[in-house]
Amino acid sequence: MLSLRLKSLKAYNTETSKAKIKLSSNELPYELPDYLKTRIAQEISKIPLNRYPDPLCAELKEVLADFFGIKESNILLGNGSDELIYYISTAVGELNEAVLIPVPTFPMYEIISRTLGRPRIEVLLKEDFDLDLEKILEVFKERKPILAYFSFPNNPTGNLFSKEKIERIRSEGLFAVLDEAYYHYSGNTFLKDALEREDTVVLRTLSKIGLAGLRIGILIGKEEIIKELDKIRLPFNITYPSQVAAVLILREGREFIEQSIKKVVSERQRVYFELQNIKGVEVFPSKANFILFRTPYPASFVHEELLKRGVLIRNMSYLPGLERCLRVSIGKEEENDAFLEALSEVIK
Ligand SMILES: *Cc1c(COP(=O)(O)O)cnc(C)c1O
């Protein structure tokens with residue numbers, strides 16, 4: 001009785017191997033300081049858990065609006081940006097209209113399109129991992145997509161696509177989603193467009209800046225767009241504890257978040273240079289909190305050997321164009337050192 005579509009799907013498989021050093025999911029490596037944890041415990045203990053949470057997340061939106069420098073009416077919240085990708089994929093265009101996905105990229109765009117039975121147009125990035133504008137425009141002659149996902153910067157390659165190319169593609173008349181999950185590490189944004197245009201939205205998340213466990217994704221767009229998308233949002237999609245904890249951390253823990261981001265950015269620079277110094281390793285520049293690199297050996301071998309040494313990173317070689325590539329998240333200084341040392345040993 002289940003849909004035939006399900007036959008072609010696989011359950012999302014994230015890395016669950018246990019390792020002493022986990023550099024596989026682009027999380028922030030630092031835990032919240034104790035004073036914040038205590039405050040969260042206090043606030044969470046006050047929640048009437050027999051009650052539904054605020055379906056509008058009014059307080060959280062107020063704090064987020066301040067955090068991002070926008071208005072509450074420009075925000076739609078999701079249980080992680082993954083949920084927002086689901087909403088967008090459901091709501092933009094008709095389900096028989098295609099979705100443009102430059103690949104390799106974040107797998108959820110494809111998975112959700114498949115789930116909904118939407119046709120996909122996947123166009124391989126160029127060798128420098130920028131958008132292949134010629135090929136994309138060529139494809140448009142046969143079939144025009146109505147929706148496009150741009151991971152900005154792109155996960156897992158780490159680069160920012162050319163803004164001009166994105167604008168050119170959008171000018172063909174499609175709805176552009178700028179997934180800025182790594183905005184805090186790149187500083188580049190389409191926020192202005194999202195606030196002014198009906199064909200552009202920006203996705204942000206708290207997951208990559210220390211709060212992955214809360215599952216809070218933020219869609220930013222014009223009020224008219226937000227109002228329409230809000231019609232398909234599940235009523236209580238942000239849990240009560242998540243709302244309370246996020247509000248508190250964004251009010252009392254900004255300093256911690258900002259300092260953490262700075263440390264990661266400076267470690268990114270160091271890890272990049274250290275990787276370049278390992279003979280045989282090809283490193284790709286990154287504007288995010290992870291780095292993609294290629295070695296002369298099969299990625300599964302490198303992955304396993306690192307795991308034996310207690311370091312878990314992500315094998316990316318299954319994605320198109322990423323033969324022998326792996327992605328390492330930027331960790332604490334000592335974690336990065338352990339990774340670099342283990343990798344040097346394995347490459348030798
Ligand atoms: C990690 C990631 C997300 C997922 O964010 P959540 O808010 O945790 O669901 C979305 N987009 C990209 C590109 C990511 O790398």
Side-chain angles (χ1 to χ4, degrees), residues 12-15 22-29 57 60 64 67-68 75-90 99-113 115 122 125 129 131 147-161 166 176-186 188-190 194 201-220 233-234 237-239 242-243 245-246 249-250 257 261 264 268 284 286-292 313-316 319 322 325-331:
Y12 187 69
N13 218 326
T14 186
E15 189 74 70
K22 184 171 182 285
L23 300 175
S24 57
S25 295
N26 303 340
E27 297 144 328
L28 190 78
C57 299
L60 177 54
L64 283 168
F67 187 58
F68 290 123
I75 294 178
L76 181 79
L77 294 177
N79 197 277
S81 34
D82 288 347
E83 189 181 50
L84 295 168
I85 295 167
Y86 215 116
Y87 292 159
I88 295 165
S89 300
T90 308
V99 181
L100 172 69
I101 308 174
V103 291
T105 191
F106 185 55
M108 289 317 292
Y109 314 139
E110 179 207 328
I111 294 170
I112 291 170
S113 303
T115 304
E122 296 184 357
L125 298 174
F129 296 140
L131 298 165
L147 167 62
Y149 283 102
F150 302 102
S151 174
F152 189 77
N154 189 39
N155 177 8
T157 57
N159 60 305
L160 287 162
F161 298 141
I166 292 174
V177 180
L178 280 301
D179 183 345
E180 300 182 357
Y182 302 96
Y183 162 72
H184 292 93
Y185 302 99
S186 85
N188 277 265
T189 180
F190 274 80
V201 293
V202 156
L203 291 179
R204 300 273 179 90
T205 177
L206 300 186
S207 295
K208 311 293 156 66
I209 55 170
L211 305 175
L214 294 183
R215 310 301 301 130
I216 302 218
I218 303 108
L219 185 150
I220 302 172
R233 183 179 60 86
L234 298 174
N237 61 332
I238 312 293
T239 69
S242 283
Q243 292 190 34
I249 296 160
L250 290 172
I257 294 176
I261 292 168
V264 169
R268 174 180 77 196
F284 302 99
S286 171
K287 291 282 189 187
N289 65 345
F290 57 81
I291 295 179
L292 185 78
I313 66 170
R314 191 70 72 93
N315 180 349
M316 285 295 166
L319 288 176
L322 299 187
C325 285
L326 301 111
R327 187 195 70 193
V328 63
S329 309
I330 302 300

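Both ligands and their constituent atoms are indexed starting at 1 by order of listing. In what follows, residues are counted from 1 in the order of the sequence shown.
Proximity to Asp82 (heavy-atom distance under 4.0 Å) selects the following atoms of ligand 1: 4 (C), 9 (O). Within the listing of ligand 1, atoms 11 (N), 12 (C), 14 (C) sit less than 4.0 angstrom from a heavy atom of Ala181. Every atom of ligand 1 is numbered from 1 in the order shown, and the set under 4.0 Å from a heavy atom of Gly80 is 6 (P), 7 (O), 9 (O). Atoms of ligand 1 lying under 4.0 Å from at least one heavy atom of Arg215, given by number and element, are 6 (P), 8 (O), 9 (O).
The ring of Phe161 has its center no closer than 6.0 angstrom to the ring center of Phe129. Between Phe190 and Phe152, a ring centre-to-centre spacing shorter than 6.0 Å is recorded.
Here's the thing with Asn26: none of its N/O atoms is less than 3.5 angstrom from an N/O atom of ligand 1. For a threshold of 3.5 Å applied to N or O pairs, the pair formed by Ser81 and ligand 1 contains at least one separation below that value. The N/O atoms of Asn79, backbone and side chain alike, include none that comes under 3.5 Å of an N/O atom in ligand 1. Polar contact check, Ser207 against ligand 1: a nitrogen or oxygen pair lies under 3.5 Å apart.
With hydrogens left out, the protein atom closest to atom 14 (C) of ligand 1 is Lys208 NZ, 3.1 Å, a heavy atom. Of all protein heavy atoms, the one closest to atom 12 (C) of ligand 1 is Asp179 OD2, 3.4 Å. Here the protein heavy atom with the shortest distance to atom 15 (O) of ligand 1 is Tyr182 OH, 2.6 Å.
When only modelled atom types and interatomic distance are considered, Arg204 and Thr189 share a side-chain donor-acceptor pair under 3.5 Å.
Not a single donor-acceptor pair under 3.5 Å links the side chain of Ser81 to the backbone N or O of Leu84. Remark: the backbone N or O of Glu27 is not paired with any side-chain donor or acceptor of Ser25 at under 3.5 angstrom.
Remark: distances from the non-hydrogen atoms of Met108 to ligand 1 are all 4.0 Å or more. At least one heavy atom of Ser151 sits less than 4.0 Å from an atom of ligand 1.
Side-chain contact check for Asn155 versus Phe290: some heavy-atom pair is nearer than 4.5 Å. Proximity of Cys325 to Phe284: side-chain heavy atoms (C-beta onward) are separated by under 4.5 Å at one or more points.
No more than 12 heavy atoms of other residues, nucleotides or ligands lie within 6.0 Å of NZ in Lys287, so this atom counts as exposed by the packing criterion.
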Requested in this report: Go through Ile216 and Thr205 one step at a time and tell me if the side-chain contact (heavy atoms from CB on, under 4.5 Å) criterion holds.
Outcome: CA-CA 6 Å; Ile216 302 218; Thr205 177; over 6 Å; no
